[in-house]
Protein chains: 2
Amino acid sequence: MRTITIADVAKHSNVSKSTVSQYLNKRYEYMGEGTKTRIEEAIKLLGYRPNIVARSLKQKSTTTIGVIVANILHTFSTQVIRAIEDICHDYDFHTIVCNADDDPEKEKKYIEMLQAKQVDGIIIFPTGGNVELFLSLKENDFPLVFMDRYMSEVQVPSVVLDNEKASKLAVDYFVDRGYQRIGIMTTSILENLTTRIKRVGGYRQALQEQNIPINENYIKSLELHQFEDAMTNMLSLKNPPQAILAGNDLALMEILKFTKKKKISIPKDLALIGIDDVSFASFYNPGLTTVAQPAFEMGKKAAELLLNKIQKKEEDVHHHIYSFEPQLIKRESC
Amino acid sequence: MRTITIADVAKHSNVSKSTVSQYLNKRYEYMGEGTKTRIEEAIKLLGYRPNIVARSLKQKSTTTIGVIVANILHTFSTQVIRAIEDICHDYDFHTIVCNADDDPEKEKKYIEMLQAKQVDGIIIFPTGGNVELFLSLKENDFPLVFMDRYMSEVQVPSVVLDNEKASKLAVDYFVDRGYQRIGIMTTSILENLTTRIKRVGGYRQALQEQNIPINENYIKSLELHQFEDAMTNMLSLKNPPQAILAGNDLALMEILKFTKKKKISIPKDLALIGIDDVSFASFYNPGLTTVAQPAFEMGKKAAELLLNKIQKKEEDVHHHIYSFEPQLIKRESC
DNA sequence: ATGAAAGCGCTAACAA
DNA sequence: TTGTTAGCGCTTTCAT
């Protein structure tokens, strides 16, 4: 498949390469009608398609952004990705998605790869492990937006859930429904993830405000494969929790596997609320009460912040953290 | 952020650009130790990163492939995407994912965009609507692999499930469990999708082999929003189906929403099997019997076919359809 | 209203 | 063992 270039089109329409280039970039101002149609025809005739790589090299812009998610297995990540892609599509931008697996090394590798590919900016769920790298990106004014988590050491526009409120909504609802012994289970791979910290923090604070003593045995931050043992232990305490807040979708699923296996009835034996609105929440038996994140809105915001920055419309000077409201969706599990 | 080029590195290490290029491409054969370390140091010192765009322009290869899925909402699509990304990662290739929404127009647009971006090949879930385009791609020897569906008009390596067998597994299992009035519900957007045709075909054939008469009222191919009405109708027939095969994950979820809403008990009032192993199958109440597709294997195969073709290792001359085995996973819903 | 020419950052003959 | 040179396909002054 010999590549057809602008030069071929130029030859076929008896104009110079620059004129064709003008045409391609829709600068018709000073262009004769005849030239225009001749170019048009030549393009169709030859089946010419502009080479974006060459254009990118010249223009130093690829109209492509990178998205690095922490863990693609979370529903939330995929929802955010779709929102970002939607917005990018509106702006005629493209997206390269990478999954850092919550590993700072991989994160670094992907950032470098994306830069080598000359992406115009990056939206990232930061692991928190590459402070230096992010500082230098910021230093160089490289367009960057954080999603889901922020890094206090790095002042970059960050789109996050109001995680404290998310926990509070759940705890308050549990208490409303008469539950007092309330636990929380979150997943843990990395220390110092703002998301988890805030969710657990919000949980503690909500309990305090309700004048319920905090029982450290009810607070678990574990790998998924440890959930089964942990739940077995928790539920065999003399005063086992009556209700559990699942910190995210994967935690919720792990809990559901356990309750099914052990024939624990929800909410009779154990009430449940999950953060993240999982696909099956509405038709699970029993229906699952969840705290939904406005994932689409958040992805949209992140994309807009980044694209505006790329197109020099700045505006991100004042704010640094864009916090979104969680929403409690009541169903039978609580 | 002034870009640092190979020329800067060359200057700092007192060699020519080509020598630096040799170094970058690990052609150390004829390179003096001193030169090598000087270049190494200059690179580190300057924080040089090769510009992949420039390299791609020169080499006429972007080490990037495109993946166009029919509908990103299907679990199967996301599983396949992950597999493809995994394999690409091993080969140092990158991936651009597009969602054609089962719309031939969008499909065409994405193919053209990916070609403009100079991807080295495409894996696609074809809508079936762009025969001409695919023929011309094949004509031009552009690396192409079909996934999930094939087009009899276009001889391109195709990775598919043995869809007839998938239905047969389900029907036979229903019959084993004593069900005779068995329905099938699939989603429909496009006509002539090989996947749906084969699933319905396999269902019919399996019934015939079991000497069960085929009732056309039990066979529905509909948009998701029509499922509720269709089910209401079906279940109010004088002889309503006792069991339903859901043609894919979205169909299954629609059915589950309905049964929950109408308090229809599974499997007592209605037995259920779904094609596609949904995340919640194991811990749903009741556990859902499913026919799982080996999504990871299939994605892997597609990626390998494509990458081998790109790297001229051909080998795809004989086979054109790579058919994978579905697997019945038995749980309480049937 | 259109064209000539330089150059984006890199690679690959070919020379030296 | 290393350097010179000519592009890859496009955009963009600056002439004309």
Side-chain angles (χ1 to χ4, degrees), chain A residues 1-40 42-43 46-64 92 112-120, chain B residues 1-40 42-43 46-64 112-113 115-120:
Chain A
M1 171 152 60
R2 211 196 120 266
T3 2
I4 293 149
T5 78
I6 225 177
D8 301 310
V9 177
K11 193 168 299 172
H12 272 254
S13 42
N14 277 309
V15 293
S16 72
K17 292 197 303 171
S18 16
T19 306
V20 178
S21 177
Q22 304 284 28
Y23 173 86
L24 292 173
N25 292 288
K26 306 199 195 301
R27 305 222 57 79
Y28 304 132
E29 358 261 84
Y30 306 112
M31 193 171 298
E33 260 315 310
T35 337
K36 195 167 153 184
T37 48
R38 260 166 29 242
I39 296 179
E40 223 149 42
I43 288 179
L46 300 172
Y48 167 78
R49 311 237 135 249
N51 181 328
I52 295 187
V53 172
R55 171 184 297 167
S56 297
L57 176 59
K58 180 68 191 180
Q59 308 214 128
K60 292 164 158 295
S61 156
T62 51
T63 60
T64 299
D92 274 318
E112 286 169 353
M113 180 276 274
L114 289 171
Q115 287 211 286
K117 283 214 140 196
Q118 311 296 115
V119 296
D120 296 340
Chain B
M1 170 153 60
R2 210 197 121 266
T3 2
I4 293 148
T5 78
I6 225 177
D8 301 310
V9 177
K11 194 168 299 171
H12 272 254
S13 40
N14 276 310
V15 293
S16 73
K17 291 198 303 171
S18 22
T19 307
V20 178
S21 177
Q22 305 283 29
Y23 173 88
L24 292 174
N25 293 287
K26 307 199 194 302
R27 304 223 57 78
Y28 304 132
E29 357 262 79
Y30 308 110
M31 194 172 296
E33 259 318 309
T35 335
K36 194 167 152 184
T37 49
R38 265 172 18 251
I39 295 177
E40 221 150 45
I43 287 179
L46 299 172
Y48 167 78
R49 311 237 133 251
N51 181 329
I52 295 187
V53 172
R55 172 184 294 167
S56 298
L57 178 60
K58 178 70 192 179
Q59 312 220 120
K60 294 161 158 295
S61 156
T62 50
T63 60
T64 299
E112 287 169 353
M113 180 276 273
Q115 288 210 287
K117 283 215 139 193
Q118 311 296 117
V119 297
D120 296 340

- Between C:dC10, C:dC8, C:dA12, which nucleotide gets closest to the side-chain atoms of B:Lys17?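 The answer is C:dC10, which lies nearest to the side chain.
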Specify the separation, in whole Å, of atom [atom1] of [X] and atom [atom2] of [N].
| X | N | atom1 | atom2 | result |
| --- | --- | --- | --- | --- |
| A:Leu57 | C:dT11 | CG | P | 12 Å |
| B:Arg49 | C:dC10 | CZ | C1' | 16 Å |
| A:Lys11 | C:dT2 | NZ | P | 20 Å |
| B:Asp8 | C:dC8 | CG | P | 11 Å |
| B:Leu46 | C:dG9 | CG | C1' | 15 Å |
| A:Arg27 | C:dG3 | CZ | P | 18 Å |

- Counting N and O atoms only, with roles assigned by atom type, does the side chain of A:Thr5 sit under 3.5 Å from a partner on the main chain of A:Ala7, one being a donor and the other an acceptor? yes
Does a side-chain N or O of [X] approach OP1 or OP2 of [N] to a distance below 4.0 Å, or not?
| X | N | answer |
| --- | --- | --- |
| B:Gln22 | C:dA12 | no |
| B:Asn25 | C:dT11 | yes |
| B:Tyr48 | C:dC10 | yes |
| A:Thr19 | C:dA1 | no |

[X] near the nucleic acid: base, sugar-phosphate alone, or nothing, with a heavy-atom cut-off under 4.0 Å?
| X | value |
| --- | --- |
| B:Thr5 | sugar-phosphate |
| B:Thr35 | sugar-phosphate |
| A:Asn14 | sugar-phosphate |
| B:Lys60 | sugar-phosphate |

Might you point out which heavy atoms bring [X] and [Y] nearest each other, and give the distance in Å?
| X | Y | value |
| --- | --- | --- |
| A:Ile39 | A:Val20 | CD1-CA, 4.1 Å |
| A:Lys117 | B:Thr64 | NZ-OG1, 2.5 Å |
| B:Asp120 | B:Ser61 | OD2-OG, 3.0 Å |
| B:Met31 | B:Thr19 | CE-O, 3.9 Å |
| B:Tyr48 | B:Ile6 | CE1-N, 3.6 Å |

- Going 5' to 3' on DNA chain D, which nucleotide is the first and which the last to come under 4.0 Å of a heavy atom in chain B?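 Boundary nucleotides touching chain B, in 5' to 3' order, are D:dT1 to D:dG9.
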- Task: Tell me which of A:Leu24 and B:Ser18 sits closer to the 5' end of DNA chain D, going by the nucleotide each one is nearest to.
- Result: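 Per heavy-atom nearest nucleotide, the more 5' residue is B:Ser18.
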- Any pair counted as side-chain hydrogen bond (donor to acceptor under 3.5 Å, both in side chains), so long as it reaches residues 28-39 of chain B, sequence neighbours left out: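 Every pair satisfying side-chain hydrogen bond (donor to acceptor under 3.5 Å, both in side chains) with a residue in residues 28-39 of chain B: B:Arg27-B:Glu29.
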- Query: Is any N or O donor-acceptor pair between the side chain of B:Ser21 and the base of C:dA12 shorter than 3.5 Å?
  - Reply: no
